[in-house]
There are 2 protein chains.
Amino acid sequence: MRLTSKGRYAVTAMLDLAFHSQLKPVTLIDIAARQTISLSYLEQLFARLRRANLVKGVRGPGGGYSLCSNACDISIAEIVAAVGERIDATKCGGEANCQKHHACLTHDLWMDLGDHIKSYLQQITLADLLAKGRVQEVAERQNQEARQVIEIRNHADLMNDIK
Amino acid sequence: MRLTSKGRYAVTAMLDLAFHSQLKPVTLIDIAARQTISLSYLEQLFARLRRANLVKGVRGPGGGYSLCSNACDISIAEIVAAVGERIDATKCGGEANCQKHHACLTHDLWMDLGDHIKSYLQQITLADLLAKGRVQEVAERQNQEARQVIEIRNHADLMNDIK
DNA sequence: TACTTAACCTAGTAAAATAGTCAACTAATA
DNA sequence: TATTAGTTGACTATTTTACTAGGTTAAGTA
Ligand code: FES
Ligand code: FES
């Protein structure tokens, strides 16, 4: 079992998306700037998120990504699974055969642990995280810090939209 | 966060130890045979378990390893931590600084997840696992299979002891 | 005393995974 | 038509894992 930056980045990016994509799609460039994640790496992650039907992409200017469902219907477990992180703690992958085609001494322990973690992550949704004060604070700070990079662009877009 | 064969082997070996070391120390050779784990690798893991004061080794003929405490006082969390598996799910290791010296968007989520897993593994002891019927079954099967390898040796020892 | 046993220690290593980079291509918009 | 931004594939440095090989040391046994 492993939970690495791949899964952390995916959840972080999805949360950023949930936070900013109320009106229009959000570009990966913006997410990369706000969350300090490599753009190329994000692209790879979003390819998988798209294949898992969690986000949809819109090409061209004004494009970007937005969520497929409501934030309250997307669990952390789904996101983590979509990018291929194994939440399973067993060696056998649930087959109970890691020791000469038989179960090893600790198979049940790791199965139970995996189920435990899975159900924990399943019960938490993006909406739950959005509701936390701490998340709001951090998102605010990130907006401040990434302002010069992002908002100038977005502001120009907005002016154009108004025109 | 990662939980790999290192931690799985450590717990498996400790459980084997708890099961077989009632009377006399158990050799790593026996554990390796029963659990099909590389002997040299086991030695490395037991070096760490010993440094963590979970087991003590006795050299020479008739030697081996035995537990430092009762099986009911050794939690899975201790074993996993002793061999250096990081149960922590954060990137920052709890420092809340993984994004330019500040907390990232999902820091709290990973902290909570880590605490959750940790407390789950802390509440399970070796004695709990030993009490499970499934574990007894598997241990019995392993005894059968490793009989020709181990018990012939132990039998010889026993005969010598009697003499 | 010589021999065996098994813990203890150190260094190295093939394979896999991670966390990326780079470059090209496609679709939508202005 | 130029620009934007998603989409795709290949490639890479670094790290970790799960070992192996080879030794040394301490404690019993013949
Ligand atoms: S982990 Fe499932 S059989 Fe060993
Ligand atoms: S995981 Fe702790 S700050 Fe990002």
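These numbers come from a predicted model, not from an experiment. The chains referred to below are lettered A, B, ... by the order of the sequence lines, with proteins before strands, and numbering in each begins at 1.
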Open item on the list: Between Ser5(A) (side chain only) and Arg8(A) (backbone N and O only), is there a donor and an acceptor less than 3.5 Å apart?
Closed with: no

Task: Length of the line joining Arg86(B):CZ and dT16(D):P, which is rounded to integer Å - done: 11 Å

Task: Spacing of Leu3(B) atom CG relative to dT17(D) atom P, expressed in whole Å - done: 11 Å

Task: Per-nucleotide protein contact string for nucleotides 8-21 of chain C (B base, S sugar-phosphate only, - none; heavy atom under 4.0 Å) - done: BB-B------SBBB

Open item on the list: In whole Å, I'd like the distance from the CD1 atom of Ile29(B) to the C1' atom of dA7(C).
Closed with: 10 Å

Task: Gap between atoms CG and P, on Leu42(B) and dA7(C) respectively (whole Å) - done: 10 Å

Task: Worked verdict on Glu145(A) versus Arg141(A) for salt bridge (charged side-chain N to carboxylate O under 4.0 Å, His left out) - done: CA-CA 6 Å; Glu145(A) 287 175 6; Arg141(A) 179 172 49 72; 3.6 Å; yes

Task: ring-ring contact (aromatic ring centres under 6.0 Å, His included) partners for Phe19(B), two or more places apart - done: none

- [ ] Round to a whole Å and report the spacing from CG of Leu45(B) to P of dT17(D).
- [x] 11 Å

- [ ] By nearest nucleotide on DNA chain C, pick out whichever of Gly63(B) and Pro61(A) is the more 5' one.
- [x] Gly63(B)

Open item on the list: Could you check whether any side-chain N or O of His20(A) sits under 3.5 Å from a backbone N or O of Asp16(A), counting only pairs where one atom can act as donor and the other as acceptor?
Closed with: yes

Open item on the list: Closer than 3.5 angstrom, by distance alone: can the side chain of Glu85(B) be matched with the main-chain N or O of Gly7(B) as a donor-acceptor pair?
Closed with: yes

Open item on the list: When you measure from the side chain of Ser69(B) to the backbone of Asp73(B), do you find a donor-acceptor pair of N or O atoms at a distance under 3.5 Å?
Closed with: no

